[in-house]
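Report on the following structure.
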Amino acid sequence: MRLLQPALAGLLVAAPLAAQGNGIYTSTSLTSGAQFKSYTLGDGAQFERISQFAVPVAVVVPVSRRFSLDVGTYFASTSARTTGGDHTLSGLTDAQLRGTYVFGRDAGVISVVVNLPTGATLDSADAVSAGAAASNFLLFPVNSYANGFSVTGGAGITRRIGAWGVGIAGSLRWNAEYSPFQGSGLSDISYDPGTEGRIRVGADRLIGQGRFRLGVTYSTFGDDLYSGSGAGASSSYTPGDRFVVEGGYSWPGLGGTLTAYAWNYHRASGAVSDTTSENGENILAAGLSGRMAMGPNTVFEPALEGRFWSYNAGDGGGKVVGLAAGIRRRLSDHLALVPNVRAEFGSLDLVGGGSANVTGFGGSVLLRYGF
């Protein structure tokens with residue numbers, strides 16, 4: 001399989017589903033399936049149970065040797081159980097359309113992503129389920145249904161510097177004003193997200209029999225503006241800057257390839273109308289994954305991961321350990337099957353003190369058809 005140079009590939013935001021080819025894709029393909037994830041939380045937590053069933057649909061098209069298109073969306077149903085009752089939100093998410101153009105011998109890339117506002121609009125009850133799935137720590141397949149119309153432009157380049165492949169990329173996202181809610185007293189609320197800027201630096205090299213990779217991403221945001229009688233009064237929110245540092249090492253082992261990795265996500269506290277809000281968070285994760293051939297058409301993919309979360313200046317957080325096992329099975333020259341199961345165990349540190357157990361399980365079955 002031929003991919004972009006590793007440093008450049010690491011700079012690209014993942015497509016709905018990636019393939020290879022004209023620098024990015026080998027052929028037109030359609031991917032869909034089903035994903036499920038559920039968490040049960042112990043006494044004291046805000047939610048007793050959160051579950052989500054999602055159906056992704058993604059199409060990738062290599063239009064020419066250098067230019068490609070991909071589009072993707074989800075249908076998702078999210079349910080949350082609280083002491084106040086059960087809440088369920090079902091509907092489509094926003095669709096994303098992306099065009100990508102590769103320059104030179106895979107040395108540079110530009111892309112434009114258009115977010116189409118096809119997602120479900122929320123009422124006051126829906127907001128409970130949507131909020132439950134928005135956690136950066138629990139990692140549901142869909143954590144946002146609707147974000148309004150937006151356009152993101154990005155570019156990246158790579159260079160070989162000695163033994164290192166080094167790349168840098170940047171992007172800018174503009175989001176149109178939109179109404180996130182429907183229903184009495186809510187439909188006139190207007191939300192105008194601030195412009196987002198992002199820069200990423202990545203590097204990789206061979207060390208021994210394996211490959212080492214390192215990446216750093218920085219994101220900053222303009223002020224978000226809220227207005228409308230349902231919002232009480234016009235106000236602004238300044239999101240905190242975000243940093244992601246990630247690294248990994250892959251080497252041959254156990255008849256296949258093993259990868260040890262770690263990443264850290266940090267979000268600084270935001271501010272409401274110039275008043276600091278202690279809502280910052282930090283997530284540290286580390287894990288080990290493998291890819292082992294089980295015959296000419298099947299690859300076994302086990303994984304072990306731990307995540308550690310700190311929220312609200314340390315007044316809240318949690319930790320989980322996850323075990324996963326998946327298979328990639330080529331059924332024919334055109335069709336591939338990818339089933340996966342996962343279990344997680346841990347606890348939440350509750351704001352104000354105390355803790356609650358967390359038990360999660362999930363699975364997915366994806367089918368990819370190449371034309």
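The side chain to side chain contact (heavy atoms under 4.5 Å, CB included) search around Leu304 returns Val321, Leu323, not counting sequence neighbours. Applying the side chain to side chain contact (heavy atoms under 4.5 Å, CB included) criterion to Leu214, with sequence neighbours excluded, gives Phe212. Qualifying ring-ring contact (aromatic ring centres under 6.0 Å, His included) partners for Tyr191, counting only residues two or more places apart in sequence or in other chains: Tyr178, Tyr226. Take Phe300 and apply the ring-ring contact (aromatic ring centres under 6.0 Å, His included) test, not counting sequence neighbours, and it matches no residue. The ring-ring contact (aromatic ring centres under 6.0 Å, His included) test applied to Phe243 returns Tyr218, not counting sequence neighbours.
Looking only at side-chain heavy atoms (C-beta outward), Arg198 and Arg173 stay at 4.5 Å or farther from each other. The shortest distance between side-chain heavy atoms of Ser32 and Val55 falls below 4.5 Å. The closest side-chain heavy-atom distance from Arg213 to Ser250 is below 4.5 Å. The shortest distance between side-chain heavy atoms of Asn279 and Arg267 falls below 4.5 Å. For the pair His87/Thr82, a side-chain contact is recorded, criterion being any heavy-atom separation below 4.5 Å from C-beta on. The closest side-chain heavy-atom distance from Asp349 to Tyr311 is not below 4.5 Å. Between Ser77 and Thr88, the closest side-chain pair of non-hydrogen atoms falls below 4.5 Å. Residues Glu281 and Phe137 have side chains not in contact (no heavy-atom distance under 4.5 Å, counting atoms from C-beta outward).
Atom OG in Ser355 sits 6.5 Å away from atom CG in Leu350 (nearest 0.5 Å).
For Ser236 (side chain) and Leu225 (main-chain N/O), no donor-acceptor pair under 3.5 Å exists by modelled atom type. A distance-only check finds a donor-acceptor pair linking the side chain of Thr118 to the backbone of Ala95 [under 3.5 Å]. When atom types are taken as modelled, the side chain of Gln52 and the backbone of Val142 share a donor-acceptor pair closer than 3.5 angstrom. Side-chain atoms of Ser29 never come within 3.5 Å of backbone atoms of Gly370 as a donor-acceptor pair (strictly under, hydrogens ignored). Asp224 places no side-chain N or O within donor-acceptor distance of the main-chain N or O of Pro239, the cut-off being under 3.5 Å.
In this structure, Phe149 shares a hydrophobic cluster with Val112, Val114, Leu116, Val151, Trp174, the cluster being traced through Ile, Leu, Val, Met, Phe, Trp and Tyr side chains under 4.5 angstrom apart.
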May I have the step-by-step check of side chain to side chain contact (heavy atoms under 4.5 Å, CB included) for Val166 and Arg159, ending in yes or no?
CA-CA 5 Å; Val166 180; Arg159 290 291 184 270; 5.5 Å; no
Run Glu301 and Ser289 through side chain to side chain contact (heavy atoms under 4.5 Å, CB included) and show every step you take.
CA-CA 7 Å; Glu301 298 181 330; Ser289 63; over 6 Å; no
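In this pair, Phe140 and Tyr39 present their aromatic rings perpendicular. The plane angle is above 60°, beyond the 30 to 60° band. Ring orientation note: the planes of Trp251 and Tyr249 are close to parallel, at an angle under 30° on the 30°/60° scale.
Within a 6.0 Å radius of CD in Glu196, more than 12 heavy atoms belonging to other residues, nucleotides or ligands are found. No more than 12 heavy atoms of other residues, nucleotides or ligands shown are found within 6.0 angstrom of CZ on Arg81.
Of the options Leu284, Thr217, Ile283, a side chain to side chain contact (heavy atoms under 4.5 Å, CB included) to Trp263 is made by Ile283 and by none of the others.
A centroid separation of less than 6.0 Å is found between the aromatic rings of Phe36 and Phe361.
Look at Glu246 and Arg200 and you find a salt bridge, because one of the NZ, NE, NH1 or NH2 atoms lies within 4.0 Å of a carboxylate O, short of that distance.
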